[in-house]
Amino acid sequence: MQEFDREAFARLCRQAAGSPTPEEAATLADKLLPFGELLAAKRSQALIQGKTPEEDETGFVQAASALCAALGADKNPSQVLALSTAATKLSPLSEQLYAYTLRALGALGMYKAIITEYHRMSRVFAEELEQPPSAEVTAMYKEAKAVINVKDEDTLVIGDELKTVLREGYDEEGPLFCTYDVLKYLFNMQSRASGRTGLKSIVLLLTLEGVGGGEISARMMAQAMQAVREGVLKHELRRSDTVAKYSAHQFVMMLSVSREETAASVKARIQTVCRPLLERYGLKLRFATITPQG
């Protein structure tokens with residue numbers, strides 16, 4: 001992996017914050033984008049080690065936002081789209097970045113992409129922040145709908161997302177991430193087949209809570225949940241395991257094991273890896289084993 005030149009990165013961030021002209025911003029954007037790729041590539045490994053380069057990520061997001069504003073989505077849509085997309089990978093809850101992305105897509109005439117991106121953003125905001133997109137972003141989505149007059153919007157969105165799954169799924173390591181309703185269905189399937197497969201389904205509830213009962217903001221909790229998912233669960237669980245988000249601060253995990261000792265080992269490993277990661281958020285982890293009732 002290419003070395004991260006922090007001195008050069010800091011210099012670019014300072015220049016981006018210095019109100020560059022559109023021409024200067026275009027040059028800075030070309031130099032800044034490779035740093036976004038490096039930060040995204042290092043993110044998972046950093047999360048595992050409890051060393052998320054938050055300062056660097058924040059610096060990139062702020063520099064990218066400043067350059068998007070200087071470039072203007074109408075005049076330089078391709079560069080704005082590249083910058084906002086790269087920055088969103090590091091800051092998936094920034095509505096301003098989504099706004100830059102949608103404006104750039106509109107300037108490029110990519111109206112179907114606006115619709116699919118808006119739906120994806122809406123789900124992220126509903127799940128993580130429990131709020132809808134802003135009126136500004138929603139207005140851009142409605143304008144795109146009016147231009148292309150999509151008759152079956154759901155078919156368009158689902159088709160695009162399934163295509164993405166096929167494109168990315170084969171490289172996916174670790175557990176299956178799904179909704180809680182899907183996990184319940186899979187639990188039923190595995191329980192019915194346990195006599196034939198010899199596998200048990202152990203269900204664990206992972207809860208994040210403030211140390212000493214302290215209050216944690218919704219945004220901070222969302223960041224911690226994302227860090228646990230990407231930095232811990234994605235690497236410490238196996239392809240045969242299943243994970244679902246149960247609430248804004250909880251995951252449900254279904255482990256398919258032949259011996260209960262395996263589940264205990266997985267739980268201990270997750271606790272060990274999570275501890276230093278969660279300390280920086282002022283959080284701790286609590287596990288509970290779920291036993292079906294009745």
Side-chain angles (χ1 to χ4, degrees), residues 43 47 52 54 57-58 61-62 65 84-85 87-103 114-142 144-145 153-154 157-158 160-161 164-165 175-187 203-234 242-254 270 274 277-288 290:
R43 183 177 178 84
L47 286 171
T52 306
E54 186 172 347
E57 291 182 0
T58 300
V61 170
Q62 291 175 344
S65 297
S84 62
T85 300
T88 299
K89 292 179 181 178
L90 303 176
S91 182
L93 300 177
S94 170
E95 193 157 31
Q96 182 61 61
L97 291 174
Y98 284 109
Y100 284 132
T101 296
L102 266 57
R103 287 195 199 102
I114 290 177
I115 291 174
T116 57
E117 184 68 15
Y118 177 82
H119 277 269
R120 188 180 72 82
M121 172 194 175
S122 296
R123 280 197 301 277
V124 170
F125 273 52
E127 292 174 1
E128 302 293 350
L129 301 178
E130 299 183 351
Q131 67 184 44
S134 68
E136 176 191 8
V137 170
T138 301
M140 287 188 274
Y141 154 72
K142 290 181 177 179
K145 278 185 65 175
E153 185 175 334
D154 292 332
V157 173
I158 293 172
D160 181 80
E161 292 178 344
T164 300
V165 168
L176 169 68
F177 290 95
C178 63
T179 65
Y180 177 57
D181 283 338
V182 171
L183 185 143
K184 289 189 293 183
Y185 178 76
L186 293 175
F187 175 79
V203 180
L204 303 174
L205 178 65
L206 185 158
T207 302
L208 303 188
E209 53 192 13
V211 175
E215 290 292 326
I216 306 296
S217 70
R219 186 171 293 272
M220 180 69 77
M221 183 63 77
Q223 291 175 353
M225 288 284 284
Q226 180 72 4
V228 169
R229 173 188 159 129
E230 296 299 314
V232 180
L233 303 182
K234 198 171 184 178
T242 308
V243 182
K245 184 176 179 182
Y246 182 67
S247 72
H249 63 286
Q250 293 173 304
F251 289 107
V252 174
M253 301 179 294
M254 182 173 69
I270 291 174
C274 271
L277 170 63
L278 293 178
E279 284 177 354
R280 55 191 293 272
Y281 293 100
L283 293 169
K284 63 181 180 180
L285 178 152
R286 178 166 53 83
F287 264 120
I290 307 299

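Each residue takes its place number in the sequence, starting with 1.
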- Note on the structure: Across all chains, not counting sequence neighbours, the ring-ring contact (aromatic ring centres under 6.0 Å, His included) partners of Tyr118 are Tyr141
- Kindly give the heavy-atom pair with the smallest separation between Ile114 and Leu102, and that separation in Å. CD1-O, 3.6 Å
- Positive for side-chain hydrogen bond (donor to acceptor under 3.5 Å, both in side chains) with Glu209, one of Arg286, Gln250, His249: Arg286
- Item | Heavy-atom closest pair, residues Val252 and Tyr246 | CG2-CB, 3.6 Å
- Message: Can you list everything that forms a side chain to side chain donor-acceptor pair (under 3.5 Å) with Thr179? Sequence neighbours excluded, please.
- Response: none
- Query: Which heavy atom in Tyr100 sits nearest to a heavy atom in Ser84, and how many Å separate them?
  - Reply: CB-CB, 3.9 Å
- Examine distances only and state if a side-chain atom of Lys284 and a backbone atom of Leu208 form a donor-acceptor pair shorter than 3.5 Å. no
- Item | Cationic tip of Arg229 above Phe251 ring, under 6.0 Å, 45° of axis | no
- Task: Side-chain contact test, heavy atoms from C-beta onward, threshold under 4.5 Å: evaluate it for Met220 versus Met225 and give yes or no.
- Result: no
- For Thr242 and Cys178, the nearest pair of non-hydrogen atoms, with its separation, is CG2-SG, 3.5 Å
- With sequence neighbours excluded, tell me which residues meet side chain to side chain contact (heavy atoms under 4.5 Å, CB included) with Lys184. Tyr180, Asp181
- Which atom of Pro92 lies closest to which atom of Tyr98, heavy atoms considered: O-OH, 3.1 Å
- Query: Looking only at atom types and distance, does a side-chain atom of Ser91 sit under 3.5 Å from a main-chain N or O of Ala87, one as donor and one as acceptor?
  - Reply: no
- Query: Would a 4.5 Å heavy-atom cut-off, applied to side chains only, mark Val243 and Leu176 as touching?
  - Reply: no
- Pairing of Glu128 and Lys245 as salt bridge, 4.0 angstrom limit: yes
